[in-house]
Number of protein chains: 2
Amino acid sequence: MPPNLQPTFRALSDPTRRNILRMLGQRDMTIAEVSAQFDMTRAAVKKHLVVLSDGGLITVRTEGRERINTLNAQALKPVTDWLSWFERFWDTHLDALKDAIETEDTELEKDTKDDTGHHTND
Amino acid sequence: MPPNLQPTFRALSDPTRRNILRMLGQRDMTIAEVSAQFDMTRAAVKKHLVVLSDGGLITVRTEGRERINTLNAQALKPVTDWLSWFERFWDTHLDALKDAIETEDTELEKDTKDDTGHHTND
DNA sequence: TTGACGTGATACCCTTTGGCATCATATCAA
DNA sequence: TTGATATGATGCCAAAGGGTATCACGTCAA
């Protein structure tokens with residue numbers, strides 16, 4: 001059972017945060033280093049980092065008085081998995097996946113309070 | 001040059017909208033049909049459909065007095081492409097992609113007003 | 001010890017977002 | 001025509017989001 005997608009999708013919904021992920025994909029950075037790349041205060045960047053952390057997309061380790069932010073790209077896997085369900089609509093060379101897809105059809109997302117699960121499809 | 005990712009990521013950031021996409025992946029639906037699946041007013045669902053449309057994820061065609069919503073899964077492609085940049089961190093069997101990835105390294109996202117492009121990395 | 005430095009935390013602001021209620025408009029069916 | 005149906009559009013509201021400014025606190029280096 002995949003973890004809740006919502007915090008991760010939420011984290012990805014902001015361009016600043018997406019850019020931070022790309023930056024951290026190149027090297028670990030302190031908050032100050034990340035902040036230096038943007039036209040906003042350190043506090044604002046810090047907020048973004050918290051959201052990214054909530055989404056599991058980064059981890060933070062303390063090193064002296066610094067906080068090193070590290071990309072945790074594995075947290076993107078549930079997102080790509082969710083998206084892969086739709087690949088059938090543009091990708092034609094799908095074969096073995098069909099079965100897995102079909103069985104997964106009826107299970108829609110149940111990751112937040114407002115998911116009522118009313119889907120009476122099928 | 002991929003279209004702006006922001007409207008698409010934005011559209012995906014809400015669980016109701018993600019569920020709508022899954023539903024439309026199974027069959028085209030009118031607004032009323034979509035609304036029937038959720039514990040919210042038609043007006044609220046309509047707003048979600050507008051956001052999905054803004055993100056290019058659905059198309060709408062008029063049929064009599066009805067509005068048929070159709071999934072446009074191709075609009076997810078830029079998202080998966082963006083995410084694929086990170087696959088190197090959990091996927092090991094990457095070979096030919098390495099070069100393409102390297103050349104793409106320096107080009108971060110430029111899809112909104114608040115992307116300052118200050119990235120002095122490299 | 002004493003600052004400077006890196007960060008956490010909080011309060012406040014304005015805008016966006018997700019929801020509702022309501023009314024207007026167009027179409028289908030008698 | 002007349003009424004039910006399907007939708008569009010608008011205004012309102014509370015909450016969330018993205019920023020700022022500011023202060024407190026631990027850490028490093030003299």
Side-chain angles (χ1 to χ4, degrees), chain A residues 4 6-21 24 27-55 57-70 109 111-116 118, chain B residues 4-21 23-24 27-55 57-70 109 111-116 118:
Chain A
N4 287 352
Q6 184 52 25
T8 312
F9 269 111
R10 216 275 261 184
L12 292 176
S13 69
D14 182 274
T16 297
R17 288 193 288 268
R18 291 196 296 277
N19 280 336
I20 290 176
L21 290 181
L24 294 180
R27 70 168 184 280
D28 293 356
M29 299 178 79
T30 67
I31 298 181
E33 285 175 323
V34 175
S35 300
Q37 308 297 110
F38 298 97
D39 277 336
M40 64 181 76
T41 62
R42 176 187 55 79
V45 170
K46 161 70 172 173
K47 279 191 180 182
H48 284 304
L49 291 172
V50 168
V51 175
L52 288 169
S53 179
D54 289 345
L57 291 167
I58 67 172
T59 58
V60 189
R61 73 174 183 278
T62 301
E63 202 148 303
R65 59 182 163 183
E66 296 183 335
R67 307 271 286 172
I68 315 292
N69 299 273
T70 304
E109 197 166 350
D111 63 359
T112 55
K113 74 296 173 187
D114 53 345
D115 174 54
T116 57
H118 281 185
Chain B
N4 287 352
L5 289 173
Q6 185 52 24
T8 312
F9 268 110
R10 217 276 261 185
L12 292 176
S13 69
D14 182 274
T16 297
R17 288 194 288 268
R18 291 196 296 278
N19 280 335
I20 291 176
L21 289 181
M23 291 165 49
L24 294 180
R27 71 168 184 279
D28 292 357
M29 299 178 78
T30 66
I31 297 181
E33 286 174 324
V34 174
S35 300
Q37 309 296 110
F38 297 97
D39 276 337
M40 66 181 74
T41 63
R42 177 188 55 78
V45 170
K46 161 71 173 171
K47 279 193 179 180
H48 284 304
L49 291 172
V50 168
V51 174
L52 287 170
S53 180
D54 289 344
L57 292 167
I58 67 172
T59 58
V60 188
R61 74 174 184 278
T62 301
E63 202 148 302
R65 58 182 163 182
E66 295 181 336
R67 307 272 286 174
I68 314 293
N69 299 274
T70 304
E109 195 167 350
D111 62 358
T112 53
K113 74 297 172 185
D114 53 345
D115 175 51
T116 57
H118 280 186

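Since the model is a prediction, treat every value here as computed from it, not as a measurement. Lettering follows sequence order; numbering is per chain, from 1.
- At least one side-chain nitrogen or oxygen of B/Thr41 sits closer than 4.0 Å to the OP1 or OP2 atom of C/dC20.
- Dashed line: the shortest gap from a side-chain N or O of A/Arg67 to OP1 or OP2 of C/dG6 is not under 4.0 Å.
- Nucleic acid contact class of A/Ala44 (heavy atoms, under 4.0 Å, all strands): base.
- Remark: A/His48 is in phosphate contact with D/dG19, judged by side-chain N or O atoms under 4.0 Å from OP1 or OP2.
- Nearest-nucleotide positions on DNA chain D place A/Ala43 closer to the 5' end than the other of A/Glu63 and A/Ala43.
- Atom CZ in A/Phe9 sits about 15 Å away from atom P in C/dG18, given to the nearest Å.
- We find that CD1 of B/Ile68 is positioned 14 Å from C1' of D/dT5, with the value rounded to whole Å.
- At whole-Å resolution of the value, CG in B/Leu52 and P in C/dT17 are 14 Å apart.
- Considering all non-hydrogen atoms of both residues, A/Ala11 and A/Leu52 come closest at CB-CD2, 4.0 Å.
- Note: CE (B/Met29) to P (D/dA6) measures 13 Å, nearest angstrom.
- Residue side chain B/Lys47 reaches the base of C/dG19 through a donor-acceptor N/O pair under 3.5 Å, judged by distance alone.
- Between the side chain of A/Asn4 and the main chain of A/Gln6, no donor-acceptor pair closer than 3.5 Å is present.
- Nucleotide D/dG18 holds its P atom 13 Å from the CG atom of A/Leu49, rounded to whole Å.
- Atom C1' of nucleotide D/dT27 and atom CZ of A/Arg61 are separated by 17 Å, given to the nearest angstrom.
- Ranked by how close their nearest DNA chain D nucleotide is to the 5' end, A/Arg65 and B/Glu66 are led by B/Glu66.
- Closest to the side chain of B/Asp14, out of C/dT7, C/dG18, D/dT20, is C/dG18.
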### Query
Do A/Arg61 and A/Asp28 pass the salt bridge (charged side-chain N to carboxylate O under 4.0 Å, His left out) test, and can you show the C-alpha distance, the side-chain angles, and the key distance before you say yes or no?
CA-CA 10 Å; A/Arg61 73 174 183 278; A/Asp28 293 356; 3.4 Å; yes
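- C/dC5 atom C1' lies 16 Å from atom NZ of A/Lys46, rounded to whole Å.
- Between the P atom of C/dG19 and the CE atom of B/Met40 lies a distance of 4 Å, rounded to the nearest Å.
- Contact annotation: side chain of B/Arg42 to base of D/dG8, donor-acceptor pair present below 3.5 Å.
- The two residues A/Val34 and A/Leu24 make their nearest non-hydrogen contact at CG2-CD2, 4.4 Å.
- Taking both residues in full, the closest heavy atoms of A/Gly64 and A/Thr62 are given as O-CG2, 3.4 Å, listed atom of the first, atom of the second, then distance.
- As judged by a 4.0 angstrom heavy-atom cut-off over every strand, B/Ala32 is placed among residues touching the sugar-phosphate backbone only.
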